[in-house]
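Computed from a predicted structure; not experimentally measured. Counting from 1, the numbers follow the sequence of the chain as shown.
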Amino acid sequence: MAEFVAAAAVENVTNQAMTYASPYLRYFFRYGQIVQDFTNQRNALKLRKGTVKDCVGEAKRQIEIIYDEVEDWLRRAEKELEETQNLEDEIDRVKCFKWCPKWGWRYCLSKKLAEKTPIISDLLQTSNFAQVGHRGSLKGIEFITSTDFRDFESSKSAFNQIMEAINAVNMIGLHGMPGVGKTTLAKEVGKHAREQKLFDKVVMFTMSQNPNIRTIQDKVAEMFGLNFRTNTEEGRAEELWSRLKVEKHILIIIDDLWDEFKLESIGIPFGDEHKGCKILLTTRQQQVCSKMRCQEEIQLGILSKDEAWVLFKDQAGLEDDCSILNEVAKEVAGECKGLPLAIVTVAKALKDRSLDEWRDANQRFKDSTHLYDEEVLGGVLEPLKLSYDYLKKDNNQMTVNHIQMCFLLCSLFPEDDEICTELLIMCGIGVGLFPNVYSIEDKRKKIVEALKKLQKSGFLLEADCAYMMRMHDVVRDFAHWLTSTGENRFMVKDKLKEWPDMVESFECYTAIALWNCSSNLKNFPDKVEFSKLKTLFLQGEQKADSLVVSSTFFEEMKALQVLYLRNVSFSLKGFNSLPNL
């Protein structure tokens with residue numbers, strides 16, 4: 001009995017001693033297990049860090065904003081891996097003394113490893129991120145790429161007036177004749193407001209003559225990171241309205257407004273509904289500012305003679321000297337009437353030309369006063385006509401008609417639309433541009449070359465995407481003026497509710513573009529006689545029933561070469577009568 005009690009007592013004392021001494025004894029006698037646990041956890045952390053880093057890299061490529069906790073986790077993981085690299089090296093050194101280990105060294109290393117392993121384990125447990133980032137709201141490509149603003153007295157004065165008015169009133173109207181630089185100035189205001197963080201959000205969109213409400217709503221929603229849950233314009237407007245009211249300070253820039261418009265139909269709260277929402281609108285007509293009840297109206301005037309010359313000289317690449325060429329160039333610059341758009345277009349057209357060509361251009365200006373039309377294009381018509389004619393003077397000897405036809409084809413698209421380069425190429429091939437080039441690939445190269453020339457000449461503008469381009473509305477108006485008479489007559493209409501009046505014969509048209517036609521198009525004929533028509537674009541209204549076209553509709557279009565149909569229901573039977581398609 002006594003022996004049994006004594007044995008139990010000894011066992012109890014031994015267990016208690018091990019409990020208190022075990023952490024230290026463990027470093028000696030479980031060294032191998034501790035090393036294995038540490039190595040496994042460190043390797044797992046290294047793999048996990050690589051995975052998270054790859055996810056972060058992909059998120060950044062998708063322009064996502066990385067969460068702070070993810071960035072913090074990566075920093076801590078990197079720090080632990082760097083700090084524990086020395087421990088890995090020590091483990092390798094201990095292996096060299098396998099048959100004669102240094103017990104003190106091994107004890108210290110075991111202790112360090114045992115302390116680091118749970119830290120690494122905690123990092124692994126907190127690394128399961130459902131997402132590493134989120135899409136941020138867009139900032140506006142207009143303000144990122146806006147580099148056209150020149151600090152002239154007229155534009156600087158208007159800029160300062162706008163910035164002062166923004167602090168005092170809710171609705172500001174900027175008006176001026178076409179081509180004077182309203183859009184460029186408005187972009188500069190938005191860029192400045194964003195860089196100086198004067199507003200939580202700055203948004204800019206174009207209204208044009210026939211505004212597409214859904215497209216505008218999509219752009220504004222995209223800037224605010226809003227995904228619509230309703231499909232009607234009214235429902236989307238209500239969603240936008242609620243989203244915009246969340247932001248305290250907003251600047252909305254509405255470019256190219258043609259008439260009075262209810263901003264509520266888009267979903268923009270302002271005035272008493274949202275006093276932190278400021279509106280800057282641009283328009284050609286001062287009365288639009290009055291109709292919109294702008295509290296501040298600012299006119300952007302033309303450039304002074306000296307300012308016009310500075311801009312012209314820069315765009316034409318002229319040296320600052322007293323040469324005969326510069327004297328002629330000054331006269332040409334004067335004919336641009338101080339309009340920035342005309343100055344830039346003409347200067348680019350005459351860049352690197354000979355003195356004789358400059359003199360010829362100057363004389364053409366003086367002889368072509370009949371082209372000047374203040375009502376239609378506000379003085380831009382004559383300079384644009386000269387630049388258009390100068391497209392034929394090309395070093396590569398491109399046929400003038402083909403470059404000019406590329407330009408005219410661009411005018412077939414709706415106002416302010418981005419134009420798909422690929423569609424233009426197909427259309428150009430279809431109408432027979434560059435007939436002396438036989439392979440499709442070579443024709444493509446020629447048309448792309450022509451489009452680049454048009455961009456360099458100022459007739460086309462770059463778009464957000466590399467495969468798209470844009471046309472300034474004034475330049476588009478000029479193209480429509482060119483095609484209103486003569487050999488190549490075009491007709492372009494958007495949001496058509498009723499078939500155009502047939503009083504004037506349609507036989508004279510070579511190209512017709514009818515966009516967003518109502519599915520219930522009134523007086524839509526079963527057959528039309530278009531004997532000279534070579535190009536037809538016909539698009540039904542988007543997100544609506546298809547426009548139904550009779551099988552006999554195409555029968556009298558014998559010359560038709562290019563047919564573009566979208567959201568249109570038709571029969572292939574009618575194509576049998578189109579030998580040139």
Closest non-hydrogen contact found for L318 with A329 is CD1-CB, 3.6 Å

To the nearest 0.5 Å, tell me how far K187 NZ sits from I253 CD1. 10.5 Å

Identified side-chain contact (heavy atoms from CB on, under 4.5 Å) partner of P211 from the options T206, I254, I216: I216

L412 backbone acceptor or donor facing W515 side chain under 3.5 Å: yes

Please step through side-chain contact (heavy atoms from CB on, under 4.5 Å) for the pair L514 and W499, ending with a clear verdict. CA-CA 10 Å; L514 306 176; W499 186 253; 3.4 Å; yes

When you measure from the side chain of T282 to the backbone N and O of T183, does any donor-acceptor pair fall under 3.5 Å? no

Does some side-chain heavy atom of C517 sit less than 4.5 Å from a side-chain heavy atom of K493? no

On a heavy-atom basis, which atom in R476 and which in S411 lie closest, and how many Å separate them? NE-O, 3.9 Å

Between R236 and F228, is there a donor-acceptor pair closer than 3.5 Å when you use the side chain of the first and the backbone of the second? no

Determine whether the aromatic ring centres of residues Y509 and F530 are separated by less than 6.0 angstrom. no

Closest non-hydrogen atoms of S546 and S519, given as atom of the first, atom of the second and distance, are O-CB, 3.8 Å

Would you mind reporting whether I266 and M207 have side-chain heavy atoms less than 4.5 Å apart? yes

Within-4.5 Å side-chain heavy-atom neighbours: F490 and H480: no

Can you tell me how the ring of F407 sits relative to the ring of F478, calling it parallel under 30°, perpendicular over 60° and tilted otherwise? tilted

So which atom in L565 and which in F575 form the shortest heavy-atom distance, rounded to 0.1 Å? CD1-CZ, 4.3 Å

If only atom types and distance count, is the side chain of K348 paired as donor or acceptor with the main-chain N or O of Q315 below 3.5 Å? no

I need the C406 SG to L451 CG distance, nearest 0.5 Å. 5.0 Å

Gap separating the CZ atom of F434 from the CG atom of D442, nearest 0.5 angstrom: 11.5 Å

Under the rule for side chain to side chain contact (heavy atoms under 4.5 Å, CB included), what residues qualify as partners of S518, not counting sequence neighbours? K497, N520, E541

Can you confirm whether L300 sits close enough to I298 that some side-chain heavy atom of one is under 4.5 Å from a side-chain heavy atom of the other? no

Above 12 or not: heavy atoms from other molecules or residues under 6.0 Å from CG of N227? no

Determine whether E449 and K453 satisfy the following criterion, side-chain contact (heavy atoms from CB on, under 4.5 Å), listing intermediate values before the conclusion. CA-CA 6 Å; E449 192 178 339; K453 179 175 176 61; over 6 Å; no

dist S550:OG -> F524:CZ (nearest 0.5 Å) comes out at 8.5 Å

Between N567 and L547, is there a donor-acceptor pair closer than 3.5 Å when you use the side chain of the first and the backbone of the second? no

Is there a donor-acceptor pair under 3.5 Å between the side chain of E498 and the backbone N or O of N523? no

side-chain contact (heavy atoms from CB on, under 4.5 Å) between I162 and L185, worked out: CA-CA 10 Å; I162 291 170; L185 177 57; 4.1 Å; yes

About how many Å separate CE of M426 and OH of Y564, when rounded to the nearest 0.5 Å? 8.0 Å

Do K219 side-chain atoms and M204 backbone N/O form a donor-acceptor pair below 3.5 Å? yes

With heavy-atom distances below 4.5 Å as the criterion, would you say the side chains of F261 and V288 are in contact? no

Is it true that a side-chain atom of Q299 and a backbone atom of H175 form a donor plus acceptor pair closer than 3.5 Å? no

Yes or no on side-chain contact (heavy atoms from CB on, under 4.5 Å) for M471 and F413, after CA distance, side-chain angles and deciding distance? CA-CA 9 Å; M471 179 177 269; F413 293 85; over 6 Å; no

For the residue pair F312 and V346, establish whether any side-chain heavy-atom pair is separated by less than 4.5 Å. yes

Salt-bridge test for D256 and K182: reply yes if a basic N is under 4.0 Å from a carboxylate O, no otherwise. no

Nearest atoms (heavy-atom pairs only) where C427 meets T535: SG-CG2, 4.1 Å

Main-chain N/O of T510 paired to R489 side chain as donor or acceptor, under 3.5 Å: no

Identify the heavy atoms of E233 and Q217 that sit nearest to each other, and give their distance. O-NE2, 3.1 Å

Do K558 and S577 make a side-chain contact, defined as non-hydrogen atoms from C-beta onward lying under 4.5 Å apart? yes

In terms of side-chain geometry, is the basic nitrogen of R444 or E422 positioned less than 4.0 Å from the acidic oxygen of its partner? yes

Look up atom CG in L578 and atom CD in Q561, then write down how far apart they are to the nearest 0.5 Å. 11.5 Å

If only atom types and distance count, is the side chain of R566 paired as donor or acceptor with the main-chain N or O of F537 below 3.5 Å? no

Count the heavy atoms belonging to other residues, nucleotides or ligands that lie under 6.0 Å from NZ of K313, then report whether that count exceeds 12. yes

When you compare the side chain of I447 with that of L424, does any pair of heavy atoms fall below 4.5 Å? no

